[in-house]
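Have a look at the structure below, then the notes.
Hydrogens, waters and symmetry mates play no part in the numbers below; they use all other heavy atoms, side chains included. This is a predicted model, so every value here is computed, not measured.
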Amino acid sequence: MATLEQKDAKVSAADTPSEGKIGQGLLKRRAGMSHEAFRQYYVEHHGPVALPWCFAMGVKYYAQIHKPLRWANDAVREKYSQTIHLEQWDAVAEMLFPVDFDFGKWLTAGSVGKQYFHNVILPDERRFLLSNAMEHLQGVDAGSVVGDRVVLIENGKATVEYGQWQRLFDRILRVHETMPPHLSALVVTEHDRSGAYERAVQKSKDSRDMFVGWERLAPMLLS
């Protein structure tokens, strides 16, 4: 459980260009899921799952903001209230990234962070969010929305236990580093696992025993 929770707190991470760039992303829960179950899963499970990736990306601050959500002041209410209705949203993700971080460029690069993101974080998002976060997330300026804030990374340090997920991240890294280049470059998603497997086998008949779908590999790595 998160160790630091604040009501209606201001953004505690710096948002100056010299220290990084921070933003807020509005999120919706999965259909049929109660807000109580959504909040519990997001805070207690998905938050720790995301931390290894956050640290690998250089995130210094990460918080979730939960209902009741409201605009921080009249200026932001005037800016957004005509197009964004807060009552239709369930939470806000807030992160401070390095100033030179470019998510679009990162997505095109082959890295263990990408493997973990696609094969651990995204499947977990679909368990409690409306869809993958990036498919429905609505971005707003830093500090625009306030509510019940739960901080998971502050000043570059975790406020929750996430050791099992860091161990999984590290083991994926070791597997990633020992796989042949044509295998390590493959991202095996739920939608394309069998196709990726067949392509890998075509390229290297000897690689069959090494190539395992990441979702099936995760329980073995955690054991």
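- Listed by chain and residue number, Asn73 satisfy the side chain to side chain contact (heavy atoms under 4.5 Å, CB included) test with Ala75 (two or more places apart in sequence, or in another chain).
- The heavy-atom pair separating Ala133 from Leu27 by the smallest distance is CB-CD2, 3.9 Å.
- Between Val120 and Ile172 the shortest side-chain heavy-atom distance falls below 4.5 Å.
- With values rounded to the nearest 0.5 angstrom, Lys157 atom NZ is found 15.0 Å from Leu51 atom CG.
- Salt-bridge formation is not detected for the pair Lys67/Asp148: no Lys NZ or Arg NE/NH1/NH2 atom is positioned less than 4.0 Å from an Asp or Glu carboxylate oxygen.
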>> Determine whether Phe55 and Tyr162 satisfy the following criterion, side-chain contact (heavy atoms from CB on, under 4.5 Å), listing intermediate values before the conclusion.
In response: CA-CA 11 Å; Phe55 286 122; Tyr162 69 104; 3.5 Å; yes
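- Aromatic ring orientation, Trp165 versus His45: perpendicular (interplanar angle above 60°, classes split at 30° and 60°).
- The NE2 atom of His35 sits 6.5 Å away from the CZ atom of Arg39 when rounded to the nearest 0.5 Å.
- Shown here are the side chain to side chain donor-acceptor pair (under 3.5 Å) partners of Gln166, two or more places apart in sequence or in another chain: Asp170.
- The side chain to side chain contact (heavy atoms under 4.5 Å, CB included) test applied to Lys79 returns Asp141, not counting sequence neighbours.
- The minimum heavy-atom distance linking Ile121 with Ala50 is given by the pair CD1-CA, 4.1 Å.
- Remark: Leu122 CG to Glu125 CD distance equals 5.0 Å, nearest 0.5 Å.
- Expressed to the nearest 0.5 Å, how far OG1 of Thr159 lies from CD of Glu154 amounts to 7.5 Å.
- Among pairs with a residue in residues 121-154, those fulfilling ring-ring contact (aromatic ring centres under 6.0 Å, His included) read Phe38-Phe128, Tyr41-Phe128, Tyr42-Phe128, His46-Phe128, at least two apart in sequence or across chains.
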>> If you apply the rule side-chain contact (heavy atoms from CB on, under 4.5 Å), what do you find for Ile84 with Trp71, and how did you get there?
In response: CA-CA 10 Å; Ile84 300 175; Trp71 299 115; 4.0 Å; yes
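- The main-chain N or O of Val76 is never found under 3.5 Å from a side-chain atom of Ser144 such that the two would form a donor-acceptor pair.
- Residue Gln138 holds its CD atom at 6.5 Å from OG1 of Thr83, rounded to the nearest 0.5 Å.
- Closest heavy-atom contact between Gly143 and Ala72: O-CB, 3.1 Å.
- Residues Val145 and Gln24 come closest through the heavy atom pair N-OE1, 2.9 Å.
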>> Before you tell me yes or no, could you show the steps for Val146 and Arg70 under side-chain contact (heavy atoms from CB on, under 4.5 Å), namely the whole-Å CA-CA distance, both residues' side-chain angles and the distance that decides it to 0.1 Å?
In response: CA-CA 6 Å; Val146 296; Arg70 58 191 180 280; 3.7 Å; yes
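- In this view, Arg30 satisfies the side chain to side chain donor-acceptor pair (under 3.5 Å) rule with no residue, not counting sequence neighbours.
- The CG atom of Leu129 lies 9.0 Å from the CG atom of Asp90; values are rounded to the nearest 0.5 Å.
- Residue Glu78 places its CD atom among 12 or fewer non-hydrogen atoms of other residues, nucleotides or ligands, all under 6.0 Å distant.
- With Glu161 contributing its side chain and Gly163 its backbone, the two residues share a donor-acceptor pair below 3.5 Å.
- Connection of Leu137 to Leu130 is not established within any shared hydrophobic cluster, with ILVMFWY side chains joined at heavy-atom distances below 4.5 Å, either directly or through further cluster members.
- Looking at residues two or more places apart in sequence or on another chain, you find a ring pair (Phe, Tyr, Trp, His ring centres under 6.0 Å) between Tyr116 and Phe169.
- Within a 6.0 Å radius of CD in Gln82, no more than 12 heavy atoms belonging to other residues, nucleotides or ligands are found.
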